Amino acid sequence: MRQVLTFAIIAIITISCSTNQDDWYQIQQLDKRTYIISEPHSSQRNSSFLIIGEKEAILLDAGTGENGKQSMAQVADSLSPVPVTLLLSHFHFDHIGGASDFRKVGLAALPFLANRLSADSILVLTKTEVLSNDTVSLKIDRLYPVGEAIDLGHRNIELLHTPGHSKASIALIDHEQRYLFTGDLIYNDLLLVNNCEAYLQSINTIYKHSNPDYRIFGSHGTPEVDYAHLAKVKEALTAYLADDDSFDSKKNISFFGTPKQVYQKGDVAFMVGYSDVFDH
Ligand SMILES: [Zn+2]
């Protein structure tokens, strides 16, 4: 996330979205109803994903909010002919940064989240959940069911609960187009693991709902991830839990001033535990 380990050149259709910070957003069209909106110059090299149906669209993640000149909401609205609802893959600052600009915000109907909604549907996220110095309040307009089809209008997607990076992490699947949007569970850069057992279970959940014909898109760095990367991450985390010595390296780094160990196995790099870094 904060540490970018790999750089790759990707073929992207660049659309100039702004008269100001002209090349902040890069937009890649996967098909006529699906876009990747990337922020390659943002601190975390984030990507958000716009999934458009005939009645409504979902934007997975609000972006970093670091571009003050044009919001992610404006970009999504300019691409979608139908109303856009924001859905967050999880609540970390770099995914929620642009959330306040959205007219509608959805939430996975996970009981531990839905139970926290106030009478007027406000969800207050803690500093630890956001990894920020501030809490964030979201007005939730609708709950999306977990593990069943969500109909966007002649386009169904499925929402899966995939904890491990964070407790509230979700992934979206489009079974017809065979797309998997994995948030911060699987991407090409340094992975931040919070709960290793849950992370492994979530990888199994992804396996259960997909096969190698699916294309995986993660939220940081080069968006598209080889399906085979799932197996490599699974192998690396399994080795970590077994405390075996098969890692290529274990490097000590300073992560926001806190010493952390980065484990490297093949092209998978990960760190376990990160919330403490932001606990001050
Ligand atoms: Zn995150």
Side-chain angles (χ1 to χ4, degrees), residues 1-6 36-40 42-49 58-66 72 86-100 102 105-108 110 112-113 123 125-136 138 159-172 180-203 205-206 216-223 225 229-230 233 236-237 253 255-256 258 260 262-263 268-280:
M1 195 158 87
R2 296 229 169 195
Q3 296 266 324
V4 175
L5 294 186
T6 56
I36 304 174
I37 307 171
S38 297
E39 299 175 274
S42 66
S43 56
Q44 317 306 322
R45 298 178 68 218
N46 284 63
S47 291
S48 299
F49 302 91
I58 283 180
L59 182 76
L60 186 68
D61 289 339
T64 62
E66 290 171 346
M72 181 62 82
L86 171 67
L87 183 59
L88 296 160
S89 68
H90 62 299
F91 305 126
H92 289 162
F93 65 95
D94 50 328
H95 297 255
I96 205 171
S100 60
F102 284 82
V105 179
L107 180 73
L110 295 163
F112 71 91
L113 294 176
L123 177 68
L125 297 164
T126 65
K127 295 175 187 178
T128 306
E129 284 174 305
V130 184
L131 301 182
S132 160
N133 291 324
D134 299 306
T135 61
V136 171
L138 291 176
L159 186 163
L160 301 175
H161 183 210
T162 50
H165 171 72
S166 81
K167 190 181 171 193
S169 290
I170 59 162
L172 294 181
L180 274 161
F181 302 103
T182 49
D184 278 5
L185 182 73
I186 298 291
Y187 54 80
N188 287 310
D189 290 334
L190 172 67
L191 298 172
L192 301 188
V193 177
N194 195 37
N195 180 325
C196 203
E197 288 87 354
Y199 215 106
L200 280 167
Q201 258 177 29
S202 293
I203 290 173
T205 301
I206 297 289
I216 296 179
F217 300 95
S219 293
H220 296 285
T222 307
V225 184
H229 204 62
L230 273 176
V233 174
L237 296 186
I253 61 158
F255 190 69
F256 288 89
T258 301
K260 285 283 168 192
V262 170
Y263 293 78
V268 174
F270 68 94
M271 204 171 85
V272 180
Y274 55 81
S275 320
D276 54 318
V277 173
F278 301 91
D279 275 351
H280 36 242

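Worth saying up front: this structure is predicted, and the values here are computed from it rather than measured. Every number for a ligand or one of its atoms is a count from 1 in the order of the listing.
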Inset, instruction - Report the relative orientation of the aromatic rings in His161 and Phe112; use parallel for angles under 30°, tilted for 30 to 60°, perpendicular for over 60°. - result: tilted

Legend entry - Name of whichever N/O/S atom of Asp184 is nearest to the Zn ion (ligand 1): OD2

Legend entry - Heteroatom N/O/S of His92 within less than 2.8 Å of the Zn ion (ligand 1): yes

Inset, instruction - For this output row, return yes or no: ring centroids of Phe270 and His165 closer than 6.0 angstrom. - result: no

Inset, instruction - Taking the side chain as every heavy atom from C-beta outward, state whether Arg45 and His220 have any atom pair closer than 4.5 Å. - result: no

Legend entry - Apex the Zn ion (ligand 1); atoms His165 NE2 and His90 NE2; angle rounded to 10 degrees: 100°

Legend entry - Side-chain H-bond candidate by donor/acceptor type, His95 with Asp184, under 3.5 Å: yes

Inset, instruction - Please determine if the Zn ion (ligand 1) has an N/O/S atom from Asp94 lying under 2.8 Å away. - result: no

